[in-house]
Student: 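Take a look at the following structure, please.
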There are 2 protein chains.
Amino acid sequence: MRSDVEAESEVAASNDVTELKEMNRIVGYVLRRAQLALFEDFARRFKGLDLTPAQFSTLVAIRENPERRQSDIAAALGIQRPNFVALMDNLERRGLAERVRSGADRRSNALALTLAGTALLERAMAAQAEQEAAIRARIGEPERLRLIDTLQRLTGI
Amino acid sequence: MRSDVEAESEVAASNDVTELKEMNRIVGYVLRRAQLALFEDFARRFKGLDLTPAQFSTLVAIRENPERRQSDIAAALGIQRPNFVALMDNLERRGLAERVRSGADRRSNALALTLAGTALLERAMAAQAEQEAAIRARIGEPERLRLIDTLQRLTGI
DNA sequence: TATTGTTATACTCTATAACTATA
DNA sequence: TATAGTTATAGAGTATAACAATA
């Protein structure tokens with residue numbers, strides 16, 4: 001025999017709460033919601049650093065690939081070349097990164113971090129490490145590594 | 001002793017390819033790239049149906065929560081009320097969903113699918129099932145279920 | 001006085017065409 | 001003729017303030 005609690009929760013499910021059971025079985029939807037949550041968390045943590053995810057990833061990519069061409073960095077990050085111009089303008093205006101006309105091919109810019117850019121990136125990496133730690137606390141390190149691996153396999157879809 | 005191939009690939013790694021090893025250790029970045037890949041895949045599969053992810057999720061949510069208020073559906077999907085108006089205008093203009101002034105509270109709209117909306121959603125669910133199948137083929141069903149679970153835990157960050 | 005749906009608006013992100021300077 | 005960086009621009013998505021109708 002069914003308890004009153006069960007009957008009540010059934011009524012609640014069908015009358016009070018807006019259910020999204022179907023959408024929550026779809027990887028694309030759940031992935032989108034998780035991504036938005038992580039971006040909001042990122043925004044909170046990076047408030048004082050004044051860096052967007054795109055700006056942060058650009059600094060990281062430049063440090064890991066010093067002297068590489070502007071187009072190559074943009075392409076690696078999946079940013080359209082035209083849209084990357086304003087982003088670099090901003091980083092350069094703030095003295096975080098610089099464009100140097102390449103001697104070999106004077107059409108291209110070799111990108112590099114400034115000392116200030118390196119210093120800010122140091123603080124940004126620390127803030128990012130805190131997000132990773134929060135994720136680790138929530139799902140555990142093995143699951144965090146597994147998640148990264150699974151998502152990378154999914155990216156080739 | 002190192003082979004020529006190993007030496008060559010090392011040179012390539014440090015000189016030819018733009019590396020993103022650091023970013024690829026960050027959950028937020030990998031998640032973002034996977035999300036974009038899935039949205040592109042969605043766009044390909046839904047080309048003929050002319051439904052964006054937001055429109056698709058709206059149809060699904062209305063079917064699962066018939067007669068619910070417009071604001072409740074929007075809130076459940078994480079869409080701002082003002083932005084939901086144009087989305088519903090579009091679905092209504094195409095005869096897929098309808099707004100009915102509620103008798104109980106005449107400020108609110110009760111949303112429902114039309115027959116055409118139900119029929120289109122049928123086809124859309126089939127297209128979506130194909131994406132899930134593609135994901136399943138790529139990472140396996142246990143990992144797909146585990147991914148959904150992990151992402152949902154991450155969403156509460 | 002508060003809430004639902006709506007309008008207006010602004011801001012960010014993203015995509016494409018076309019220019020310039022170099023090659 | 002092609003490429004790197006740039007400009008201009010348009011479209012989508014998203015966020016906030018304020019209004020009319022209703023509670």
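Any value given below was found using the heavy atoms of this structure, including those in side chains, with hydrogens, waters and symmetry copies removed. Please read these numbers as outputs of a predicted model, since none were measured by experiment. Chain identifiers are assigned alphabetically (A, B, ...) following the order of the sequence lines, protein sequences preceding nucleic acid strands; residue numbering begins at 1 within each chain.
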Student: Side chains of L38(B) and Q35(B): does their closest heavy-atom pair fall under 4.5 Å?
Tutor: no
Student: What are the two closest non-hydrogen atoms of A61(A) and L20(B), and how far apart are they?
Tutor: CB-CD2, 3.7 Å
Student: Measuring from L31(A):CG to L36(B):CG, what's the distance to the nearest 0.5 Å?
Tutor: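 Going from CG on L31(A) over to CG on L36(B), the span is 9.5 Å.
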Student: F39(B) has an atom CZ; how far is it from atom P of dA15(C), in whole Å?
Tutor: 13 Å
Student: Mapping R99(A) and G103(B) onto DNA chain D by nearest heavy atom, which one lands closer to the 5' end?
Tutor: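 The answer here is R99(A).
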Student: With side chains defined as the heavy atoms from C-beta onward, is the minimum distance between V27(A) and L154(A) less than 4.5 Å?
Tutor: yes
Student: Working to the nearest 0.5 angstrom, can you tell me the gap between L147(A) CG and T150(B) OG1?
Tutor: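 The CG atom of L147(A) sits 6.0 Å away from the OG1 atom of T150(B).
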Student: Using a 4.5 Å cut-off on heavy atoms from C-beta on, say whether the side chain of M23(B) contacts that of E64(A).
Tutor: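 They are not in side-chain contact.
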Student: I want to confirm an ordering. Mapping S102(B) and A110(A) to their closest nucleotides on DNA chain D, which one lands closer to the 5' end?
Tutor: A110(A)
Student: Are R138(A) and I135(A) side-chain neighbours, meaning at least one heavy-atom pair lies under 4.5 Å?
Tutor: no
Student: Going by number, which of residues 85-98 of chain B have a non-hydrogen atom under 4.0 Å from DNA chain D?
Tutor: none
Student: Distances under 3.5 Å only, N/O to N/O: pair up the protein atoms with those of nucleotides 8-14 of chain C.
Tutor:
| unit_1 | atom_1 | unit_2 | atom_2 | d |
| --- | --- | --- | --- | --- |
| dT14(C) | OP1 | R32(B) | NH2 | 3.0 |

Student: Does V60(B) reach the side chain of I26(A), with side-chain heavy atoms less than 4.5 Å apart?
Tutor: no
Student: Describe, in one word, how the ring planes of F42(A) and F39(A) are oriented to each other, choosing from parallel (under 30°), tilted (30 to 60°) and perpendicular (over 60°).
Tutor: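 Correct class here is tilted.
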Student: Should Q128(A) and E22(B) count as side-chain neighbours, where that means a heavy-atom distance under 4.5 Å?
Tutor: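 Of all side-chain heavy-atom pairs linking E22(B) with Q128(A), none is under 4.5 Å.
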Student: Taking N or O atoms only and anything under 3.5 Å, show me the protein contacts with nucleotides 1-4 of chain D, one pair per line.
Tutor:
| unit_1 | atom_1 | unit_2 | atom_2 | d |
| --- | --- | --- | --- | --- |
| dT3(D) | O4' | R107(A) | NH1 | 3.4 |
| dT3(D) | O2 | R107(A) | NH1 | 2.8 |
| dA4(D) | OP1 | R69(A) | NH2 | 2.3 |

